[in-house]
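What follows is a set of notes on a single structure, which appears directly below.
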Amino acid sequence: MTMLGKAEYGVTTFFTRSHPNDKCGANGLPLTPNSVKVLGRFQGLKHLKHPQICKYLDIVKDKHERMVIVCEHYRNCLSSKSSTFSSREKLTEIAYGVLKGLAYLNSIGITHRNLSKDNILFDAEGQVKLAEYGLYYMTGYGAEVAFPIGMPQYLAPEVLAEAPITVDEHSDVEPEVLNPSGPKVDVWSLGMILLEMMCAQDLWTGLTMPQIFHKIFAFLKTDQSPLQSIAKDNSLTETLKTLTPDVVEFLNKCLTVSVKHRPSPSELLKDDIFTELRLKEVPYRNGFQLFSTESRCKDLELPVYGENGTIMQDFDFDHLSLRNMEEVYYLWRLAGGDLEALLRKEGLVITKPPITLLPSFCTNEGDVFGQRRDRAELLDSIVITASQEQLRNRLSEVDEKAYYPLLEDEQSSMTSSLPLSPSSSDLTNTASLPLVIKEKDVEYQFHRIILYERLLKAYPYKRAHIWKEARVDIPPLVRAPVWAALLEVEGDIEGLYNSIDKDTITPTDRQIEVDIPRCHQYHELLSSPTAHVKFKRVLKAWVVSHPEYVYWQGLDSLCAPFLALNFTNEALAYACLTAFIPKYLHKIFLKDNSQVIQEYLAVFSHLIAFHDPELGNHLDGIGFIPDLYAIPWFLTMYAHVFPLHKIVHLWDTLLLGNSSFPLCIGVAILQQFRDRLLSFGFNECILLFSDMPEIDIQRCVQDSIKIFCSTPKSATYRQHARPPKKAQKEESRPNLSYYSRDYNDQPSTDLSMEPIPIEELKREKVPRISAEDLIELGELTGPAHSKSPTKRKQNSKPMLLVVDVRTDSDWLKQHHVTTCKSSYKPEWFAGVQKSW
């Protein structure tokens, strides 16, 4: 976890290269915008953590292919340093910090290629922080932007000798960088920067761009070392004599013309000049991963006590600075942080007349517009600092104890319906508001995020508490780990995922490659080439690791929400998908799943008739059966029919229910269209569901819960549902209500439901319930979730009325047996709550 500390948020912007509107690829489809490609690659930069690099936080795709980048920022940089670095200690300290950051980036396949004095920053403690290190990587090594990356005076000779990237406007072949720059180009840049700082002068002052190129290329033609040539041209010979031999040798290594003989950053870290720093170095601790087998206490730092027994530690009363950097940024956006407003304030966003095709267009003010190249398409190195004042003002009234909520009161934490925090009483009104409003409320989200963070750190010990809090709501910032916790993901998920062969060609590869470009491609992140690669890897991993199943169309839609939430963690996306399918789609992906699907649809028809007999009779009368519209619903758990921003809200509740809850969602959807469906014929109903109309997802969720809680458990019994977990102990489960338990998870008795043949199930129009459910519902004379006998006695309204429709002779035959086997009481059935 990267804490905010004294860091600020730096905002930069650039434009990607745009494609002509009529340009298509070899497959006949429009080319993927370069901005979308950059968006996909950027996600891999967000999870990078190291003490010597600034953390990337967010990227926003704006109009006209503009990209807005937000990252960790510090005002103090190498170019703002007034003092020289003639001392050996200061030189080695800075060089060592830069090399450590470069070596870390190189270890994950990233080359900076944009190193300069402006992007070598220093934090409050004076530690080196590298910035702008992701520009070269995220832009496809410069192929997707119209400007060169890197300052020419700091670029290595081999970089300047490369041919420029050319774009053919009449070809559908996109530009490629055949030989991306390697790690050693940054070593040359570092040598040039250190030499300038030691000499306290700009070595390129007064030189034009062609002169800079000519001077660097001259290094290739002379036997003299670049260091000696630069010293001779800039009268620095005497200055070099004042340096220690090891420093001169280090600079010569950095400024080696031959790429073969120039050391890499990791090799330079072993140089003798850094021996003293290596001995003092404290190993970097990257914290623990939530879903892994690593010990969580291995990086635990115990407090240091003084002689009088007090803790020798300076407390920072700026509690916000101790919070996660991503968390603070999320709250900053909710508090009114507007990236576009920052750009407009700095003059980087200028509104222009819509007439752009004329050779020349002059306004009354004298401004001339036309087809001249827009200078805004070139890189602007301005970094805008985003103020945190507005957020701090919003949180200024929050009690300090709210930053450290206690979770020790087990009784209150399991019974309260409000967020667990010292100021939870202030959130009573907000907690009852619609979800869309709660997700925009800064104070409410602040309390919820902190609470969930503490609960997740104690997972799986606090699994029941996480389940309980998820019934209130799930903040978008922590949705990914909370979903994983609800699905009971545990263990070494990274090791398991890496052990699966995802590269060998399989028969399903072709179908996967066809399905992925059609899956939620309106979503900018999932439409990127990076997402397509991840999609294929996760889907192949599931298919390979489950040989008893086959790939069915719809599996890609199931994978989409998990991949979108865990874009930088394929292993967790795979683990969530693997846990989700057995719970809600048991046996659906068998090669022959006809019996499973038909049973699912038959039970769904019964639920429609149970909750809305009029609608059920109408749909059955016109022949509009669930087989015609509901298969994609249940095969993808509605991920194919709803956009992702609605799916996440729907699945927030779905993951709290059992395998029958998706059936209740389907009934709730039909009830939203009830008036139209009752007035429609067969053809109109087909047209209605051929393109799913707009759904009020919040109303759908609430109606689904009501339907779920008012349906007898055995009415949703399916013989093909997942069998109960034998190893799961009762005490390890959350304290669920009566209807939250899956009927299939209950131990079977003589009064339980028995499998019904599919043909018979399809012939019946209403659901059956078990004898044990009949007894249980007879006892529940109060609300379905009430377990208190006192409350049930106070409420005289019974739950149901049992009508025996057997003939007199059949009744006489079975009456004695029924009386002996059961303990029914006539007072149970004194009224009507539901009718079949």
Side-chain angles (χ1 to χ4, degrees), residues 586-587 594-617 619-620 625-627 630 634 657-667 670 704 706-724 738-780 784 798-807 810-811 813-815 817-819 821-825 828-829 831-836:
H586 185 62
K587 293 185 177 182
S594 57
Q595 293 292 310
V596 184
I597 292 290
Q598 290 302 314
E599 183 189 34
Y600 213 112
L601 296 175
V603 174
F604 179 55
S605 297
H606 293 171
L607 282 186
I608 298 172
F610 176 78
H611 288 283
D612 198 333
E614 183 182 2
L615 179 61
N617 287 334
L619 296 179
D620 187 61
I625 58 177
D627 306 54
F634 303 131
N658 56 41
S659 61
S660 64
F661 192 78
L663 297 166
C664 303
I665 296 175
V667 176
L670 293 179
S704 301
K706 294 177 182 177
I707 293 170
F708 183 68
C709 292
S710 60
T711 303
K713 292 184 298 181
S714 56
T716 60
Y717 168 78
R718 293 183 298 112
Q719 59 177 308
H720 293 295
R722 182 175 65 170
Y738 170 76
Y739 284 108
S740 297
R741 295 286 178 82
D742 198 332
Y743 185 81
N744 294 79
D745 276 347
Q746 305 304 310
S748 178
T749 67
D750 292 339
L751 301 180
S752 300
M753 288 286 291
E754 296 181 355
I756 305 172
I758 299 299
E759 294 73 17
E760 184 177 350
L761 198 64
K762 293 175 68 175
R763 286 197 301 268
E764 296 178 351
K765 301 300 182 183
V766 293
R768 301 184 184 187
I769 65 170
S770 64
E772 59 184 355
D773 244 1
L774 186 67
I775 298 172
E776 188 77 23
L777 291 171
E779 294 177 348
L780 293 175
M799 290 293 294
L800 53 86
L801 170 69
V802 177
V803 179
D804 195 333
V805 296
R806 291 176 296 176
T807 62
D810 289 339
W811 184 85
K813 292 178 182 179
Q814 299 294 329
H815 174 66
V817 177
T818 303
T819 305
K821 284 190 175 181
S822 61
S823 55
Y824 299 158
K825 297 179 181 180
W828 289 348
F829 316 123
V832 177
Q833 176 69 17
K834 285 287 180 185
S835 61
W836 279 261

For residues [X] and [Y], report the shortest heavy-atom separation together with the two atoms involved.
X	Y	value
C664	F708	SG-CA, 3.6 Å
P712	F610	CD-CZ, 3.7 Å
H611	V667	CB-CG1, 4.3 Å
F661	S704	CZ-CB, 3.7 Å

Tell me whether [X] contacts the main-chain N or O of [Y] through its side chain, where contact means a donor paired with an acceptor under 3.5 Å.
X	Y	result
N617	P613	yes
Q595	I758	no
S714	Y717	no

Intermediate values then yes/no, side chain to side chain contact (heavy atoms under 4.5 Å, CB included), D620 and K765 = CA-CA 9 Å; D620 187 61; K765 301 300 182 183; 3.5 Å; yes

Roughly how far, to the nearest 0.5 Å, is the [atom2] atom of [Y] from the [atom1] atom of [X]?
X	Y	atom1	atom2	result
K587	H720	NZ	NE2	6.0 Å
E599	L761	CD	CG	6.5 Å
N658	L663	CG	CG	9.5 Å
L670	L607	CG	CG	11.0 Å

query = If you count the non-hydrogen atoms of other residues, nucleotides and ligands that lie under 6.0 Å from CD in E754, is the total more than 12?
reply = no

Pair H606-T716, side-chain donor/acceptor within less than 3.5 Å = no

query = Going by heavy atoms in the side chains, are Y600 and P626 under 4.5 Å from each other?
reply = no

ask   = Any side-chain heavy atom of R718 sitting closer than 4.5 Å to one from S659?
value = yes

key: D627: side-chain contact (heavy atoms from CB on, under 4.5 Å) partners, not counting sequence neighbours   = Q598, L601, I625

task = Report the C-alpha separation of E764 and R768 in whole Å, then their side-chain angles, then the decisive distance to 0.1 Å, and conclude whether the salt bridge (charged side-chain N to carboxylate O under 4.0 Å, His left out) test is met.
result = CA-CA 9 Å; E764 296 178 351; R768 301 184 184 187; 2.4 Å; yes

